[in-house]
Amino acid sequence: MMLNEIIVLIFGIIIAVTILLMLRKIFFGSRTNLKINKKVNSRELFEPLENDPNSLRDEISSFDDNEAIEEPQDQLTPEAPDNLFVINLEGEDKTIAYKHLISLLEEYSSNYSNEGGWFRIFSDDHFFSLVNGLNPGRFDTSKEDDETTALTLILSPVSGTNTISNFNQMVTFAELLASKLDLNLFDSERNPLTQQMIDHYSHQAEDFDLRNFA
């Protein structure tokens, strides 16, 4: 009698675990997939720009998720992906028109260049990039009304420049864009950009400058 009860108990446990796993897949699996799909894979985002002579070569090399870009070794940027500083801008149900973005840049940041659907914003001794936060990483210049729902700012630090100052200028610029376009700021993982994360980025910028002090 005792053996039968143990067998029934074991089968009951197996059935309960199976039901729990099914419920978890139903209620949590799709949510996780949506979260992953919302993030733009860095390789997919910048790969179309790779063959452009005015491409984001430094950003591509640094932002690549542990994959080597097919170039001669001596042309690869020596910096590790961890040295890249990324700020994302998004707004719920907000779209950003390409022509509106150009108007804002002309009004508030004369020190920039349009690289054909993405922008270089020049700081004191370097620049950071402003790109379309969705594939293919830049606006379609053949469409004046081309729109996006996300923007991305990228700073790829270079030895001999003031990375801390350049990062601070990027943060200031991000805050200006967020204010003018009614967008929210997010970090590289698309979590809300907090002061704690800004401080963390600042420490990374300081460490980079110290390691690469000439």
Side-chain angles (χ1 to χ4, degrees), residues 24-49 56 58-67 77 79-97 100-101 104 108-109 118-121 123 126-139 147-157 163-209 211:
R24 180 181 178 184
K25 183 176 181 180
I26 292 172
F27 290 104
F28 297 99
S30 59
R31 184 179 303 175
T32 302
N33 289 334
L34 286 174
K35 181 178 180 182
I36 293 173
N37 292 335
K38 183 182 177 184
K39 297 179 182 178
V40 177
N41 180 275
S42 59
R43 180 74 175 183
E44 295 173 358
L45 178 58
F46 296 110
E47 199 167 38
L49 301 176
L56 298 174
D58 291 338
E59 290 79 354
I60 294 171
S61 301
S62 298
F63 208 58
D64 192 7
D65 293 329
N66 299 321
E67 295 182 22
T77 179
E79 310 304 343
D82 290 342
N83 291 327
L84 199 68
F85 301 96
V86 176
I87 297 177
N88 290 295
L89 298 91
E90 296 181 43
E92 186 174 355
D93 299 325
K94 291 286 181 180
T95 57
I96 306 102
H100 185 202
L101 186 58
L104 279 177
Y108 295 103
S109 179
W118 62 276
F119 306 89
R120 279 193 175 106
I121 312 298
S123 52
H126 191 31
F127 68 89
F128 49 90
S129 301
L130 171 61
V131 304
N132 187 337
L134 305 179
N135 288 326
R138 60 182 172 187
F139 290 92
E147 295 181 335
T148 184
T149 57
L151 298 172
T152 300
L153 291 169
I154 307 164
L155 171 63
S156 182
T163 307
I164 300 174
S165 175
N166 293 327
F167 172 70
N168 287 337
Q169 290 178 66
M170 185 172 78
V171 172
T172 300
F173 182 79
E175 291 173 340
L176 173 65
L177 274 186
S179 173
K180 298 300 179 182
L181 297 173
D182 193 22
L183 302 175
N184 299 314
L185 299 179
F186 299 89
D187 62 20
S188 59
E189 298 298 323
R190 281 184 165 77
N191 297 314
L193 184 65
T194 62
Q195 185 59 50
Q196 182 179 5
M197 181 55 68
I198 292 176
D199 293 341
H200 174 67
Y201 282 153
S202 296
H203 289 312
Q204 286 185 326
E206 184 177 9
D207 289 342
F208 178 89
D209 285 345
R211 291 196 313 269

Quiz item: Any side-chain heavy-atom pair from Leu89 and Ile96 closer than 4.5 angstrom?
Solution: no

Exercise. Kindly give the heavy-atom pair with the smallest separation between Arg190 and Ala150, and that separation in Å.
Key: NH2-CB, 4.4 Å

Would you give me the side-chain donor-acceptor pairs under 3.5 Å for residues 178-185, sequence neighbours excluded?
from: Lys180; atom 1: NZ; to: Tyr108; atom 2: OH; distance (Å): 3.2
from: Asp182; atom 1: OD2; to: Lys94; atom 2: NZ; distance (Å): 3.1

Self-check item: Separation between NE2 of His126 and OG of Ser165, rounded to the nearest 0.5 Å
Solution: 12.0 Å

Quiz item: Hey, does Met197 have a side-chain heavy atom less than 4.5 Å from the side chain of Thr194?
Solution: yes

Self-check item: Non-neighbouring partners of Phe167 that pass ring pair (Phe, Tyr, Trp, His ring centres under 6.0 Å), sequence neighbours left out
Solution: Phe85, Tyr201

Self-check item: Straight-line distance of Thr172 OG1 to Leu177 CG, nearest 0.5 Å
Solution: 11.5 Å

Quiz item: Given the rule in the side-chain hydrogen bond (donor to acceptor under 3.5 Å, both in side chains) test, do Ser202 and Glu206 qualify, once you have shown the distances and angles that lead to the verdict?
Solution: CA-CA 6 Å; Ser202 296; Glu206 184 177 9; over 6 Å; no

Practice problem: Please examine the side chains of Gln204 and His200, heavy atoms only from C-beta on, and report whether any two atoms are closer than 4.5 Å. | Solution: yes

Practice problem: Please name the pair of heavy atoms, one in Phe186 and one in Pro192, separated by the smallest distance, quoted to 0.1 Å. | Solution: CD2-N, 3.6 Å

Exercise. Under the side chain to side chain donor-acceptor pair (under 3.5 Å) rule, collect the residues that match up with Asn166, sequence neighbours excluded.
Key: Ser123, Asp125

Exercise. Side-chain contact test, heavy atoms from C-beta onward, threshold under 4.5 Å: evaluate it for Phe119 versus Ser129 and give yes or no.
Key: no

Practice problem: For Glu92, look at atom CD and say whether over 12 heavy atoms of other residues, nucleotides or ligands are found less than 6.0 Å away. | Solution: no

Quiz item: Taking all atoms of both residues into account, what is the closest heavy-atom pair of Ile154 and Thr152, and its distance?
Solution: CG1-CG2, 3.8 Å

Self-check item: With Met170, the side-chain contact (heavy atoms from CB on, under 4.5 Å) member among Ile87, Val86, Ile121, Leu130
Solution: Ile87

